[in-house]
Peer 1: 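Below is a structure I'd like to ask you about.
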Amino acid sequence: MRDVVIIGSGCAGLTAAIYTARANLKPLVIEGVETGGQLSLTTLVENFPGFPDGVQGPELIEQMKKQAARFGAEFKSGEVVRADASRRPFQLTIAREEVQTRILIIASGASARWLGIEGERSLIGKGVSSCATCDGAFFRNQRVMVVGGGDTAMEEALFLTRFASRVDLVHRRDQFRASKIMLDRARRNEKIHFTLDTVVDEIRDPARGEVSGVTLRNVISGERWDEEVSAVFVAIGHVPNSSLFRGQLDMDTDGYLITHDAVRTNVTGVFACGDVQDRVFRQAVTAAGSGCMAAIMAERLLEAEHG
Ligand code: NDP
């Protein structure tokens, strides 16, 4: 029987681990499939406070992990395949192992939705990105592309105009999910060029280890052509990793866990932090902040229950 189990080893989960470990609760962190979360998919992080010269995402995660381990956090690789949050202690199944815990902190994140096209996977972090805030500044005075037609795509395109010489926004339809205000703002920006009814078929050049261009296809005419760009920002939505808790915890229609007082779910003893409950900010520092909140709330609940 554990006091605290944390699902997820990104920024939110590791910060929750640091705080609960320092509170002597010996947390167990289940690392999950995308160990280290989205930070481990990026390169240089320039907006995490305390690093004036930036820090590599994977290194930041490694340091957080060491910090948590130093205070007694334990780590288990693997994925939770079943979770029963209906009664305390909560019961988790990891491969064939069962773990029981008084407190469950869900920090399982949200995974960026990718296009699933040739060249994409191997160029993630090398010009293919799901986060303009993280990677936009690397493409100063270069031509970049954004894929998507929602608010995130508009926001990413607008943000990128601060750095890029030209931003091509490619969307598969001629209608947008984006709100009118965001769409109008993007349309008014002369650096942003819209290419509609068009999909990206391929990203080049994995052999060079960088993005040199894309092949586009008009879905109506079938015409295919190449464009030279230095980066492709995929903004086609995120999928919160909450499916284990469907029917057990309150979530919105897109699967984001609904929290009260920042990190409390509708079940006493279950807290959620980071991107699995945050569709707005999705930053490393906000994930870390909510991980801290979940840990402090967890500690207070245990103290109130057991003294
Ligand atoms: P959305 O689901 O709103 O939009 C996703 C976009 O990606 C759609 O245009 C969709 O096209 C397209 N898409 C999905 N899958 C593919 C694919 N396989 N290939 C090509 N295109 C694809 O996601 P967002 O992340 O933009 O927004 C999520 C939520 O967050 C929304 O509620 C949004 O309003 C909110 N948000 C608000 C912001 C703000 O207010 N400042 C900023 C960012 C997000 P199609 O339309 O054809 O389905």
Side-chain angles (χ1 to χ4, degrees), residues 1-32 35 37 61 63-109 240-251 256-278 285-307:
M1 166 76 81
R2 294 271 174 175
D3 277 330
V4 177
V5 170
I6 299 165
I7 301 180
S9 55
C11 246
L14 292 177
T15 305
I18 292 167
Y19 273 77
T20 49
R22 287 191 81 245
N24 239 350
L25 295 172
K26 297 193 170 42
L28 174 68
V29 180
I30 319 283
E31 295 188 279
T35 311
I61 280 294
Q63 298 290 355
M64 286 186 192
K65 188 174 172 184
K66 270 194 201 151
Q67 195 174 348
R70 186 181 144 215
F71 296 110
E74 289 172 38
F75 294 86
K76 183 179 279 300
S77 59
E79 192 187 354
V80 178
V81 291
R82 217 174 55 83
D84 183 356
S86 64
R87 73 185 79 90
R88 294 176 77 189
F90 308 116
Q91 180 98 18
L92 304 173
T93 311
I94 305 124
R96 290 217 181 84
E97 203 177 324
E98 301 285 326
V99 176
Q100 292 195 325
T101 184
R102 294 185 176 92
I103 296 281
L104 180 59
I105 297 181
I106 304 169
S108 47
N241 299 316
S242 62
S243 55
L244 278 176
F245 299 100
R246 194 163 292 137
Q248 303 193 59
L249 297 178
D250 288 349
M251 50 182 82
Y256 286 90
L257 295 180
I258 294 172
T259 50
H260 312 274
D261 302 328
V263 291
R264 274 192 308 109
T265 70
N266 59 306
V267 172
T268 303
V270 180
F271 300 91
C273 52
D275 287 6
V276 74
Q277 53 90 54
D278 169 19
V285 69
T286 50
S290 72
C292 160
M293 291 187 233
I296 289 175
M297 297 280 256
E299 190 188 337
R300 287 188 184 159
L301 179 64
L302 284 176
E303 209 168 84
E305 289 174 342
H306 303 288

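Side chains included, hydrogens not; waters and symmetry mates left out as well; all remaining heavy atoms used.
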Peer 1: Please report the shortest heavy-atom distance between Gly8 and Val29, naming the atom on each side.
Peer 2: O-CG1, 3.5 Å
Peer 1: Please report the shortest heavy-atom distance between Ala295 and Ala16, naming the atom on each side.
Peer 2: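 The answer is CB-O, 3.7 Å.
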Peer 1: Rounded to the nearest 0.5 Å, what separation is found between the OG1 atom of Thr93 and the CD atom of Glu98?
Peer 2: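 Spacing of OG1 (Thr93) from CD (Glu98) equals 3.5 Å.
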Peer 1: Supply the atom-to-atom distance Lys66 NZ to Ile18 CD1, rounded to the nearest 0.5 angstrom.
Peer 2: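 Rounded to the nearest 0.5 Å, the NZ-CD1 separation comes out at 12.5 Å.
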Peer 1: Report yes if some heavy atom in the side chain of Ile258 is under 4.5 Å from a heavy atom in the side chain of His260; otherwise report no.
Peer 2: yes
Peer 1: Under the side chain to side chain contact (heavy atoms under 4.5 Å, CB included) test against Phe90, which residue among Asp84, Val270, Val99 passes?
Peer 2: Val270
Peer 1: For the side chain of Ser242 and the backbone of Leu257, is there at least one donor-acceptor N/O pair under 3.5 Å apart?
Peer 2: no
Peer 1: May I ask you to decide whether Glu97 forms a salt bridge with Lys76, counting only side-chain N to carboxylate O separations under 4.0 Å?
Peer 2: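 Looking at Lys76 together with Glu97, the answer is yes, because their closest N to O distance falls below 4.0 Å.
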Peer 1: Can you tell me if Thr101 uses its side chain to pair, donor with acceptor, with the backbone of Val5 under 3.5 Å?
Peer 2: yes
Peer 1: For a quick test of reading the model, state the closest non-hydrogen atom pair linking Gly274 to Ala12 and the distance between them.
Peer 2: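 Closest heavy-atom pair between Gly274 and Ala12: CA-CB, 3.7 Å.
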Peer 1: Quick check: closest heavy atoms across Pro240 and Tyr256, and the distance to 0.1 Å?
Peer 2: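 Closest pair (atom of Pro240, atom of Tyr256, distance): CG-N, 3.6 Å.
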Peer 1: Strictly distance-based, threshold 3.5 Å: is any side-chain N or O of Ser108 a donor or acceptor partner for the main-chain N or O of Asn241?
Peer 2: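 Yes.
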Peer 1: Pair Thr20, Ile103 - check side-chain contact (heavy atoms from CB on, under 4.5 Å), show working.
Peer 2: CA-CA 11 Å; Thr20 49; Ile103 296 281; over 6 Å; no
Peer 1: Tell me, do Val276 and Ile7 make a side-chain contact under 4.5 Å, heavy atoms counted?
Peer 2: no
Peer 1: Is it the case that more than 12 heavy atoms not belonging to Arg88 sit under 6.0 Å from its CZ atom?
Peer 2: yes
Peer 1: Could you pull out the closest heavy-atom pair between Ala73 and Ala17, with the gap in Å?
Peer 2: CB-CB, 4.3 Å
Peer 1: What is the distance from atom CG of Leu25 to atom CZ of Phe71, rounded to the nearest 0.5 Å?
Peer 2: 13.5 Å
Peer 1: How many angstroms lie between OG in Ser9 and CG in Leu14, if you round to the nearest 0.5 Å?
Peer 2: 6.0 Å
Peer 1: When you measure from the side chain of Asp250 to the backbone of Asn266, do you find a donor-acceptor pair of N or O atoms at a distance under 3.5 Å?
Peer 2: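 No; zero donor-acceptor contacts below 3.5 Å.
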Peer 1: Which of these passes salt bridge (Lys or Arg N to Asp or Glu O under 4.0 Å) with Glu74: Arg2, Lys65, Lys26?
Peer 2: Arg2
Peer 1: Taking atom CZ of Phe245 as the centre, does the number of heavy atoms from other residues, nucleotides or ligands within less than 6.0 Å exceed 12?
Peer 2: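 Enclosed: over 12 neighbouring heavy atoms sit under 6.0 Å from CZ of Phe245.
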Peer 1: Can you give me the closest heavy-atom contact between Cys273 and Ile105, atom names plus distance?
Peer 2: SG-CG2, 3.7 Å
Peer 1: Mind checking the OG1-CD1 spacing from Thr259 to Ile106? Nearest 0.5 Å is all I need.
Peer 2: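 The OG1 atom of Thr259 sits 10.5 Å away from the CD1 atom of Ile106.
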Peer 1: From Ile296 CD1 over to Leu301 CG, what is the distance, rounded to the nearest 0.5 angstrom?
Peer 2: 14.0 Å
Peer 1: Check whether any side-chain N or O of Gln248 sits under 3.5 Å from a backbone N or O of Ala85 as a donor-acceptor pair, and report yes or no.
Peer 2: yes
Peer 1: Could you walk me through whether Glu305 and Leu302 pass side-chain contact (heavy atoms from CB on, under 4.5 Å), step by step?
Peer 2: CA-CA 5 Å; Glu305 289 174 342; Leu302 284 176; 4.3 Å; yes
